Student: 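Please find one structure pasted underneath; my questions will follow.
No experiment lies behind these values; they were computed from the predicted model shown. Order of the sequence lines fixes the chain letters, A, B, ..., with proteins taken first and strands second; residue numbering starts at 1 for each chain.
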Protein chains: 2
Amino acid sequence: MREIELRRSIRKYKSKPVEMSIINSLIESARLAPSGSNTQPWHFIVITDDKIKNDVATVSHNQKWMLTAPVFIVCVADIASRIANSEDIELDETSPQFELKQIIRDTSIAIEHIVLNAITFDLGTCWVAWFTQKEIRSVLGIPGNKFVVSILTVGYPDENPNPRRRKDLKEIIHINKW
Amino acid sequence: MREIELRRSIRKYKSKPVEMSIINSLIESARLAPSGSNTQPWHFIVITDDKIKNDVATVSHNQKWMLTAPVFIVCVADIASRIANSEDIELDETSPQFELKQIIRDTSIAIEHIVLNAITFDLGTCWVAWFTQKEIRSVLGIPGNKFVVSILTVGYPDENPNPRRRKDLKEIIHINKW
């Protein structure tokens, strides 16, 4: 599939802005993702404000390259989709709930729909997940019963990286049993 | 994107087998998925053996419809990709490790590459995750430091379901802050 073959993690972007109609199309593709019991646990915070982008990059280990992207999409999994009265839950990196694993799985599917659909608009993206829940939630006012799965940087690529090394197919494929 | 719009969860398949070359193409698309620090934590067990398919469906709450699919792909996340000397770890639904969340995220991305690429071959798939780690690992001889993220059923669709209801875009999109 063309989009899968062309996808790269892009860490340098042109300053050209991205039309909001395109951002809506990207999130529309996330909206169509499958999820367990159709729970749709995902939320997407679209960030174009320079001050807020700066705060987000700062809590992402101050990765300066992120700021070349005109748009960030902060991708959030909501455990309220699976646990009633979850308001008192404070999720973090070592939370044990099975439901957290389920919403991370489903939100990751939706995020990758954005990543692949971006290719059809000649946009580049990069998954960024180097932050703590506490810090990223604090910067954006996200309640404790949500888990930030990823920040996607989005913009027109200003680099053309080679594919990274992958394991051989025979290292990852098994037939009929482990 | 065509594949995203056409994708449905298919729970009824034609008996027509799927060529192994196509299965290899599907797993090749998973192989190209991005992963944190390029750790590629995924493994795929391709099951065409009727006895083993039956055992897998049985521990999946005996969902008989699964057996209409000629192929299952059991999708496994390996915590050894992130934790050294992990052989004594016995993962289950409530394991707290951050690394488990990371490998579930990355393996989910790779699985959805299979799901979307399947559409280009006119194949249908369904994510199945209704089993316990203990039972599915036991059936397939998978070590305890691996976590089964999903079983994908794969085959030529023998149904054409309508899209399921989705939340409106405005329920899942936020601008600049939560």
Student: Assess Lys53(A) against Phe72(A): is NZ or CZ under 6.0 Å from the centre of the six-membered ring, and within 45 degrees of the ring's axis?
Tutor: yes

Student: Between Lys177(A), Lys167(A), Glu171(A), which shows the greatest number of heavy-atom pairs under 4.5 Å with chain B?
Tutor: Lys167(A)

Student: Quick check for you: among Ile142(B), Thr120(B), Val149(B), which has the greatest number of heavy-atom pairs under 4.5 Å with chain A?
Tutor: Ile142(B)

Student: Check whether Ala30(A) gets within reach of chain B through its side chain, its backbone, both or neither, counting any heavy atom under 4.5 Å.
Tutor: neither

Student: With respect to chain B, which residue among Ile4(A), Ile47(A), Asp78(A), Leu140(A) yields the maximal number of heavy-atom pairs within a distance under 4.5 Å?
Tutor: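 If we count pairs closer than 4.5 Å to chain B, Ile4(A) comes out on top.
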
Student: Could you check which of Cys126(A), Ser35(A), Ser29(A) has the highest count of heavy-atom pairs closer than 4.5 Å to chain B?
Tutor: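 Ranked by heavy-atom pairs under 4.5 Å with chain B, first place is Ser29(A).
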
Student: Ignoring hydrogens and angles, write down the donor-acceptor pairs under 3.5 Å from the side chains of residues 158-165 of chain A, residues two or more places apart or on other chains.
Tutor:
| from | atom 1 | to | atom 2 | distance (Å) |
| --- | --- | --- | --- | --- |
| Glu159(A) | OE2 | Arg11(A) | N | 2.6 |

Student: Taking every non-hydrogen pair under 4.5 Å, which of Ile23(A), Asn38(A), Asn117(A) racks up the most with chain B?
Tutor: Asn38(A)

Student: For a 4.5 angstrom cut-off between non-hydrogen side-chain atoms, does Val139(B) reach Thr58(B)?
Tutor: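 A side-chain contact under 4.5 Å is absent here.
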
Student: Please tell me if the side chains of Thr107(A) and Phe147(A) come closer than 4.5 Å, counting only heavy atoms from C-beta onward.
Tutor: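 The answer is no; the side chains never approach within 4.5 Å.
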
Student: Walk me through it: do Glu28(A) and Arg166(B) pass the test side-chain contact (heavy atoms from CB on, under 4.5 Å)?
Tutor: CA-CA 10 Å; Glu28(A) 171 66 16; Arg166(B) 289 295 193 285; over 6 Å; no

Student: Pick from Leu169(A), Ile111(A), Leu100(A), Ile52(A): which one has the most heavy-atom pairs with chain B under 4.5 Å?
Tutor: Leu169(A)

Student: Side chain, backbone, both or neither: which part of Val74(B) has an atom under 4.5 Å from a heavy atom of chain A?
Tutor: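 Contact with chain A is absent: no heavy atom of Val74(B) under 4.5 Å.
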
Student: Look at Asp49(A), Asp168(A), Asn24(A), Ile109(A) and state which one has the largest set of heavy-atom pairs under 4.5 Å with chain B.
Tutor: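 Heavy-atom pair counts peak at Ile109(A).
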
Student: Go through Glu3(B), Glu5(B), Lys101(B) and name the one with the most non-hydrogen pairs under 4.5 angstrom from chain A.
Tutor: Lys101(B)

Student: With Phe44(B), which of Val76(B), Leu26(B), Ile73(B) fulfils side chain to side chain contact (heavy atoms under 4.5 Å, CB included)?
Tutor: Ile73(B)

